Participant: 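Here you go, one structure.
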Amino acid sequence: MPETPPPTILVFDSGVGGLTVFREVKTARPDAAFVYLADDAGFPYGNQPEDKLIARIADVIGAAIARHAPDLIVVACNTASVIALADLRARFTVPFVGTVPAIKPACAQSRTKRIAVLGTQATVSREYTRALIREFASGCHVALVGSPRLATYAEAELAGTPATDVEIAGEILPCFLDEEGQHTDTIVLACTHYPLLAERFRRVAPWPVEWLDPAPAIARRVADLLRERPVAAVAGTQTIEFTSGRMPPPTLKKALAAFGF
Ligand code: DGL
């Protein structure tokens with residue numbers, strides 16, 4: 001019987017944030033052929049109108065499907081997932097794994113029942129996110145914090161031009177609430193760019209909290225969907241594409257090398 005070849009997995013984000021998801025998925029499927037697609041020509045997604053983004057994401061992903069015929073697509077972007085996942089699933093037959101704010105596990109693990117969801121302005125204002133809160137956050141106070149700048153700071157961090165501690169602190173401080181002696185103890189990283197700044201966040205946080213990164217759960221979901229194609233004993237491949245067609249500058253190239261590109 002001919003062996004099934006390892007799967008081709010497309011990992012998509014508006015920029016380099018989805019690399020934080022890619023590295024976990026790659027650990028789960030080291031045999032896969034990965035294509036990482038950054039729609040940097042459309043970055044940032046977080047403060048753009050919904051209808052424009054839905055059309056753009058469908059175009060970019062449709063063209064990538066035609067080029068690479070992926071077996072599975074990971075939308076490694078909360079903003080794109082909460083806005084466009086339903087449309088993508090209706091348009092294309094390829095299975096999609098999305099990235100949505102990890103509100104359920106955050107509320108379950110919070111001892112003080114005070115959590116924050118830190119995402120782009122688009123992600124925190126979408127009905128999708130509000131529905132997750134209604135469904136999974138009863139008895140838990142949820143602060144929704146939309147950051148206009150953190151995704152850009154994360155891109156800059158990787159490109160070797162980091163934002164200052166004061167700039168970073170200004171974006172994350174609204175997450176930290178102290179109400180009647182009850183502190184926020186869990187913060188959902190609801191943008192895939194933010195784990196790139198995790199060390200910076202820990203340094204400027206007014207008190208220690210759990211930072212919830214959804215990447216391991218996404219990797220488990222991918223492994224589960226591909227369980228019919230057991231991991232082969234071959235090393236996979238990985239390529240990266242930027243919709244701008246630009247050559248990454250040397251500092252970013254070095255950072256990408258740390259992800260195996
Ligand atoms: N990485 C994206 C997310 O998870 C968004 C960054 C942006 O383009 O604004 O939401």
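Remember, it's 1-based here, ligands and their atoms both numbered in the order they're listed. Keep in mind the model is a prediction, meaning the values are calculated, not measured.
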Participant: Please check: side-chain N/O of Gln48 versus main-chain N/O of Gly42, any donor-acceptor pairing under 3.5 Å?
Facilitator: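 Between the backbone of Gly42 and the side chain of Gln48 there is a qualifying donor-acceptor contact (under 3.5 Å).
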Participant: Look at Arg89 together with Asp87 and state whether they make a salt bridge at an N to O cut-off of under 4.0 Å.
Facilitator: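 Looking at Asp87 together with Arg89, the answer is no, because their closest N to O distance does not fall below 4.0 Å.
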Participant: Salt-bridged, Arg134 to Glu127, with N to O below 4.0 Å?
Facilitator: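 Yes, Arg134 and Glu127 are salt-bridged.
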Participant: Are the charged groups of Asp224 and Arg227 less than 4.0 angstrom apart, N to O?
Facilitator: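 Here Asp224 pairs with Arg227 in a salt bridge, since their nearest N and O are under 4.0 Å apart.
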Participant: Would Asp185 and Arg114 pass as an ion pair if we require N to O under 4.0 Å?
Facilitator: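 A salt bridge is absent here (no side-chain N lies under 4.0 Å from a carboxylate O).
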Participant: Think Arg126 forms a cation-pi with Tyr128, using NZ or CZ under 6.0 Å from the six-ring centre and within 45 degrees of its axis?
Facilitator: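 No.
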Participant: At less than 4.0 angstrom from any atom of ligand 1, which residues have a non-hydrogen atom? List them by chain and residue number.
Facilitator: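 Residues Asp13, Ser14, Phe43, Pro44, Tyr45, Gly46, Cys77, Asn78, Thr79, Thr120, Ala151, Cys191, Thr192, His193 each place a heavy atom under 4.0 Å from ligand 1, listed by chain and number.
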